[in-house]
Asker: 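Please read through the structure below; I'll follow up with questions.
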2 protein chains.
Amino acid sequence: MTENAPKFRREPAEQRKEALILATLSLIAEKGVRGATVREIAKRAEVTQGLIRHHFSSKEDLITAAYEHHMRHMTNLTAARSATAHASCRLRLAAFVEAGLKPPVLDSRSVSLWASFLNKVREDARMQAIHEQTYHDFRDRLEVLIADALKEAKITTTAQHLRELAIACNAVIDGLWMEGGALPGAFEPGELPRIGLRSVGAIIGVELEAAEGQT
Amino acid sequence: MTENAPKFRREPAEQRKEALILATLSLIAEKGVRGATVREIAKRAEVTQGLIRHHFSSKEDLITAAYEHHMRHMTNLTAARSATAHASCRLRLAAFVEAGLKPPVLDSRSVSLWASFLNKVREDARMQAIHEQTYHDFRDRLEVLIADALKEAKITTTAQHLRELAIACNAVIDGLWMEGGALPGAFEPGELPRIGLRSVGAIIGVELEAAEGQT
DNA sequence: TCAGTAATTATGCAAGTGTATAATTAAACG
DNA sequence: CGTTTAATTATACACTTGCATAATTACTGA
């Protein structure tokens, strides 16, 4: 008879874990947290639901892991662009701001994903820790870029003032990112990066221009 | 025997509806959308769950009504402060910015409430309409205040530029509001309003100071 | 005072939820 | 090739969910 057609494939734990995390993220982005049930996640990852419990001690665990994965991904995506060599510190900062306000970082799905997670932040302590950490990580990178740009422009400042500038610029980026993601179509293409650059520039007192060579 | 102790009280429809909406909002703020089940809502409103279906055609209907109620409330709360007579347009704008970054508008519960709703915005068309409307309503009020402040400072501008200023300032306020609500304790008291005023001032090119006479 | 009516309760159900547990089975190893 | 082990499936259970339906009950107006 027809015999050894293997009924499933065994994957290394880390690989399967990531597959489950990715399935979770895409599902939350599509249907919200409510739509991300263990059964749906399993179906999307093409496994049976029991496997989730085998790799994660609970669904909450999977959600937490997915959150961490997503936030890390977003920060990396934004920072990567500014890490590529630029002529000046000013351009590096500009690239950072721009990257955060264009796809793939600025994306309707990412925003609703982020909003979905935010609810759980107040309930779960681990979620709160991740949130706090990723927020500060992002803001600290921004602060370094701002400090460099100011030094380059020969503007002196205090630590306290620098902190406030970082908070403000972070808020601009976050706010524009959110609105752009929550209301796609309400802004013309290229409008948000342009506004972001002008605003951040105005706040820190250094005129910023688009970092050329990016699509 | 002990007789006519009425087993429940009949309330006018509008009043009971609002009571149910308020119960829903407080519940979502506390436990997230997930925790806002019909049974819990009914318990908090001190009625039985069947009543919800009697006043709202579905739970989705109740959620939508609660969203509209909340957003309207937030916008009014922010705008109210700037509507009270101020010496100058600059002060009116300052009061608007400040009000959005202090309690009761800036509040951990409000932020998570807002985040909870945001997920539903992509699924439900009515939710999306409400979101769009409240966003533009808020931004339009801001734009008027900015326009007045600029005129007062004898700064001329174009409609396009004015639009972009409003978007930027809105983003600053939203961003700071979000971060302050999501990370209570990460900012010193009074820090966010101060940063908000400086940033909005820097963006539009008009120095703003705290509108005195507010607690 | 006494029906009439709409608000409210009481009860139940079908579907979906996360999770536990035992039975399979693919792969690694000697 | 046979054994072992962990990945994976299969099945079931207890619980919650939103919703429907029928039975009560407080209020109103003639």
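Here is how names work: the chains are called A, B, and so on, in the same order as the sequence lines, proteins then strands, and each is numbered from 1. Because the structure is a prediction, the values reported are computed rather than measured.
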Asker: Where each residue is assigned the nucleotide of DNA chain D containing its nearest heavy atom, which of B:R10 and A:H54 is assigned the position nearer the 5′ end?
Answerer: A:H54
Asker: Of the residues in residues 58-68 of chain B, which ones touch DNA chain D at a heavy-atom distance under 4.0 Å?
Answerer: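 Listed by number, they are B:S58, B:K59.
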Asker: Hey, does the Lys NZ or Arg CZ of B:K17 hover above the aromatic six-ring of B:F56, less than 6.0 Å from the centre and inside 45° of the axis?
Answerer: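 Judged by the rule, B:K17 and B:F56 form a cation-pi pair.
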Asker: Figure out the CD1/C1' separation between B:I41 and D:dG18, and round it to whole Å.
Answerer: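 Interatomic distance, CD1 of B:I41 to C1' of D:dG18: 11 Å.
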Asker: Indicate whether OP1 or OP2 belonging to C:dT8 is found under 4.0 Å from a side-chain N or O atom of B:R16.
Answerer: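 For B:R16, the contact criterion (side-chain N or O under 4.0 Å from OP1 or OP2 of C:dT8) is met.
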Asker: Measure the distance from CG on B:L51 to P on C:dT8 and round it to the nearest whole Å.
Answerer: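 Result: 5 Å.
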Asker: Taking atom types as modelled, find out whether B:R72 and B:T134 have a side-chain donor-acceptor pair closer than 3.5 angstrom.
Answerer: no
Asker: Taking atom P of D:dT9 as reference, at what distance in whole Å does atom CZ of A:R9 sit?
Answerer: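 Answer to the nearest Å: 13 Å.
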Asker: Record whether the side chain of A:R39 comes under 3.5 Å of the base of C:dG16 through a donor-acceptor pair of N or O atoms.
Answerer: no
Asker: Could you check whether A:R44 pairs with A:E30 (Lys NZ or Arg NE/NH1/NH2 to Asp/Glu carboxylate O, under 4.0 Å)?
Answerer: yes
Asker: Please determine whether a side-chain nitrogen of the Lys or Arg among B:E143 and B:R163 lies less than 4.0 Å from a carboxylate oxygen of the Asp or Glu.
Answerer: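 No.
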Asker: Under a 4.5 Å cut-off applied to non-hydrogen side-chain atoms, are A:L25 and A:I21 in contact?
Answerer: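 With C-beta onward as the side chain, the pair touches.
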Asker: With the side chain of B:T48 defined as its heavy atoms from C-beta on, choose the nearest nucleotide among C:dT8, C:dG12, D:dC27.
Answerer: C:dT8
Asker: Whole angstroms only, please: what is the CD-C1' distance between B:Q49 and C:dC13?
Answerer: 12 Å
Asker: For the pair B:R16 and B:E18, find out whether any cationic side-chain nitrogen is under 4.0 Å from an anionic carboxylate oxygen.
Answerer: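 Salt bridge absent between B:R16 and B:E18.
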Asker: NE2 of A:H55 versus C1' of D:dA6: gap in Å, rounded?
Answerer: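 My rounded result for the distance is 10 Å.
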Asker: Could you check how far CD of A:E11 sits from P of D:dA7, rounded to whole Å?
Answerer: 12 Å
Asker: Return the value, rounded to whole Å, for the distance between atom CD of A:E46 and atom C1' of D:dT9.
Answerer: 15 Å
Asker: Just how far, in rounded Å, is C1' of C:dT17 from CD of A:E40?
Answerer: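 Rounded to whole Å, this separation is 12 Å.
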Asker: Does A:R81 pair with A:E98 as a salt bridge, N-O distance under 4.0 Å?
Answerer: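 No, this pair does not count.
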Asker: If you only use heavy atoms from C-beta on, which nucleotide in C:dT8, C:dA26, C:dT11 is closest to the side chain of B:F8?
Answerer: C:dT8
